[in-house]
Q: 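Before I ask anything, here is the structure I am working with.
One is the number of the first residue; the rest follow in order along the sequence. Remember, it's 1-based here, ligands and their atoms both numbered in the order they're listed.
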Amino acid sequence: MIIAQSVHSPAMFRIGELTAVELATQFGTPLYVYDAAVIRRQIANVKRAFARLPLRPFYAMKANANLSILRLIRGEGFGCDAVSPGEIYLAKRAGFESNDIWFTCSNVSDDDLRAIADPGIVINVNSMSEIDRVIALDLPNRIALRVNPDVGAGHHHDVVTAGGGVKFGIDLAELPSARMVIEDSGRRIVGLHAHIGSGIDHIGPLIESARRLLEAAAEFDHLRWINFGGGISVPYRPGEAPFPIDEYGAELTRVAEKLLRARDLHAIIEPGRYIVAQSGTLLARVTAMRVSAGHKWLGVDTGFNHLVRPSKYGAYHHITNCDPQSDRSEDVVVAGNLCESGDVFTRDSEGNVLTRHMERTNVGDLLAFHDAGAYGFSMASHYNARLLPPEILVDGNEARVIRERQELQDLVRGME
Ligand code: LLP
């Protein structure tokens, strides 16, 4: 079984059938470009890997909530995991039906809850306090419980979302009280959910969490879904093994199929990163070069305002020169255009500046920051009054603007 991995050939890097150089020339930089074929490939991987389970695949839209991308994913039959009224608004604009949306709470306000009152949308509550408020507000929504299964994992401690010391989920020991409070109010619990972290590169913790959820399910009579969350990693470094999605599908099937079928339940998984990360590239132009502290520094026309993962988590994004003019390579530091020393794309998780070995690069060259489709644009900001970059969707040999480049006027919206 071949599950394609990112292949970053430095010479004339292409996205779909178009070269990065021609895309940058046509649309300018900085620029997010997504390859629709990669999104479809990842979706096909999910469908194949879990084909034997009664599965309802969802997409965690926090990874990338561009309307065109949401529409593409909805068209492939996915439902949607949303975490704010804004995400629900976007999901509906993209055509998701209420019945295909779960709202996963994280310290939501009464206003948030009122904004999503809808009998179709499942509210996935995160705490006893949210349960009390859903009841007090008399919301018509169906209710699921986000469980903390006491096993967590992730590429960085900030993205581990279960186990001790995290803000998420109802502890296993608290489930009987949660059930009692909800049932006493005359409501039914239609789902159990666990999402244990993000960027998980092996199946062990995911399966352990699934086992604990399935065990907990025995005490709940009216379930329709067990939601095993997202969290599946993708390879970011050249040569890194892809996540064993088929093994995950086979093992989850082995652990869950019997119970799901016996009780006529559906499994949900809600990956975000796995669906979109590899489809996306941030293209940026080298604007400056300097030598300092023994390093060659390349400065680019983007920064952590557009791709925060390296400076926030020390996350690795492979960087290549899209059209190198020399066969030689060199060690460089790649830094952004913001006024902060942490605005460096080549860092570790302690914030140390690292060098990266890459093709020899000059001012004016075009760089590609790979695998930036998840938590790239969706975490972008206007810091330093820099504009958000446009987004382009490439499908084969066609490129379509799916978010326009901003104008200075966008910076004052609501202030005058
Ligand atoms: N479901 C829930 C309830 C979540 O909170 C998340 C992600 C997902 C699903 C999707 O997880 P994924 O399949 O994408 O790993 N900004 C971080 C990632 C934060 C993920 C937060 N929750 C990063 O750039 O690595």
Side-chain angles (χ1 to χ4, degrees), residues 39 42-43 45-46 49-50 56-65 69 73 78-84 87-88 91 101-108 122-127 130 144-149 152-162 166-170 191-203 205-206 209 213 225-236 243 245 248 267-280 282 304 306-317 345 349 369 371-381:
I39 297 176
Q42 296 301 98
I43 286 174
N45 287 348
V46 168
F50 298 90
R56 187 80 186 84
F58 274 44
Y59 168 61
M61 62 183 286
K62 59 179 75 66
N64 188 320
I69 288 179
I73 295 170
F78 274 50
C80 170
D81 159 61
V83 292
S84 66
E87 284 199 349
I88 297 229
I101 301 174
W102 277 42
F103 177 80
T104 293
C105 299
S106 175
N107 303 333
V108 291
V122 171
I123 298 190
N124 187 22
V125 290
N126 185 51
S127 64
E130 279 156 352
L145 302 183
R146 177 172 187 165
V147 178
N148 181 340
H155 71 82
H156 183 276
H157 58 77
D158 285 353
V159 300
V160 176
T161 50
V166 303
K167 67 172 191 151
F168 295 107
I170 299 171
L192 290 186
H193 165 271
H195 170 76
I196 64 165
S198 192
I200 303 170
D201 60 6
H202 57 297
I203 71 167
L206 293 166
S209 162
L213 261 193
W225 297 281
I226 301 191
N227 185 333
F228 299 105
I232 311 172
S233 187
V234 297
Y236 282 95
F243 179 87
I245 186 104
Y248 181 32
I268 292 176
I269 57 164
E270 49 183 23
R273 184 190 311 273
Y274 187 78
I275 305 297
V276 290
Q278 292 165 294
S279 75
L282 174 61
F304 71 65
H306 295 161
L307 180 61
V308 77
R309 303 191 70 256
S311 57
K312 184 166 167 55
Y313 313 112
Y316 182 98
H317 281 269
F345 290 102
S349 57
F369 295 78
D371 307 312
Y375 309 109
F377 191 99
S378 69
M379 294 181 82
S381 77

Q: Yes or no: does His155 have any heavy atom under 4.0 Å from an atom of ligand 1?
A: yes
Q: With a 4.0 Å cut-off on heavy atoms, is Pro271 in contact with ligand 1?
A: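 In this structure, Pro271 qualifies as a contact of ligand 1 - some heavy atom is under 4.0 Å.
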Q: Quick check: do Ile200 and Ile232 have side-chain heavy atoms less than 4.5 Å from each other?
A: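 Contact flag for Ile200/Ile232 side chains = no.
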Q: Write down the atom of Gln278, the atom of Pro235, and the distance for their closest heavy-atom approach.
A: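 What the structure gives for the nearest pair is NE2-CD, 3.7 Å.
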Q: Starting from atom 14 (O) of ligand 1, which protein heavy atom do you reach first, and at what distance in Å?
A: Tyr375 OH, 2.6 Å
Q: For Ile196 versus Leu206, what's the shortest heavy-atom pair and its separation?
A: CD1-N, 4.0 Å
Q: Measure the distances from the heavy atoms of Thr161 to every atom of ligand 1 and state whether one is below 4.0 angstrom.
A: no
Q: Looking only at protein heavy atoms, identify the closest one to atom 3 (C) of ligand 1 and say how far it is in Å.
A: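 Answer, as residue, atom name and distance: Glu270 OE2, 3.6 Å.
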Q: Please state which protein non-hydrogen atom is closest to atom 21 (C) of ligand 1 and give its distance, to 0.1 Å?
A: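 Residue, atom and distance for the closest contact: Lys62 CD, 3.8 Å.
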Q: Which atoms form the tightest heavy-atom contact between His156 and Tyr313, and what is the distance?
A: CD2-O, 3.4 Å
Q: Output the list of atoms in ligand 1 that are nearer than 4.0 Å to some heavy atom of Met379, sorted by atom number.
A: 16 (N)
Q: Which of the numbered atoms in ligand 1 are under 4.0 angstrom from any heavy atom belonging to Ala60?
A: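 Contacts of ligand 1 toward Ala60, numbered from 1: 8 (C), 9 (C), 10 (C).
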Q: Checking ring-ring contact (aromatic ring centres under 6.0 Å, His included) against Tyr248, which of Phe228, Tyr274, Phe50 comes through?
A: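 For Tyr248, the ring-ring contact (aromatic ring centres under 6.0 Å, His included) check succeeds only for Phe50.
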Q: Which heavy-atom pair separates Asn227 from Leu213 by the least distance, and what is that distance?
A: O-CD1, 3.4 Å
Q: Atom 12 (P) of ligand 1: which protein heavy atom is closest, and how many Å away?
A: Gly231 N, 3.4 Å
Q: Heavy-atom contact under 4.0 Å between Tyr313 and ligand 1?
A: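 It does, in that a heavy atom of Tyr313 comes within the 4.0 Å cut-off of ligand 1.
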Q: Going by distance only, is there an N or O of Gly230 that falls short of 3.5 Å from an N or O of ligand 1?
A: no
Q: Give the atoms of ligand 1, by number and element, whose distance to some non-hydrogen atom of Val159 is under 4.0 Å.
A: 17 (C), 18 (C), 19 (C)
Q: Just which atoms of ligand 1 are under 4.0 Å from any heavy atom in Asp81?
A: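 Reading through ligand 1 atom by atom, the close ones are 1 (N), 2 (C), 9 (C).
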Q: Nearest 0.5 Å please: distance from the CD1 atom of Ile275 over to the CD1 atom of Ile39.
A: 9.0 Å
Q: To the nearest 0.5 Å, what is the distance between CZ on Phe377 and CD1 on Ile69?
A: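 That separation rounds to 10.5 Å.
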Q: Do the ring planes of His193 and Trp102 sit parallel (below 30°), tilted (30 to 60°) or perpendicular (above 60°)?
A: tilted
Q: Name the residue from Val108, Val83, Asn124 that meets the side-chain contact (heavy atoms from CB on, under 4.5 Å) definition with Phe103.
A: Val108
Q: Do any nitrogen or oxygen atoms of Arg309 come within less than 3.5 Å of a nitrogen or oxygen of ligand 1?
A: yes
Q: Asn64 side chain to Gly373 main-chain N or O, any donor-acceptor pair under 3.5 Å?
A: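 Checked: pair present.
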Q: Counting non-hydrogen protein atoms only, what is the nearest one to atom 8 (C) of ligand 1? Give residue, atom name and distance.
A: His195 CE1, 3.2 Å
Q: For ligand 1, which atoms have a heavy atom of Arg273 less than 4.0 angstrom away?
A: 12 (P), 13 (O), 14 (O), 18 (C), 23 (C), 25 (O)
Q: Nearest protein heavy atom to atom 15 (O) of ligand 1, by residue and atom, and its distance?
A: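 Nearest protein contact, heavy atoms only, for atom 15 (O) of ligand 1 is Ser198 OG, 2.4 Å.
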Q: Does the side chain of Ser198 come under 3.5 Å of the side chain of Arg273 through a donor N or O and an acceptor N or O?
A: yes
Q: Does ligand 1 have any atom that is closer than 4.0 Å to a heavy atom of Arg146?
A: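 Within the 4.0 Å threshold, so yes.
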Q: Does Gly229 have a heavy atom less than 4.0 Å from any atom of ligand 1?
A: no
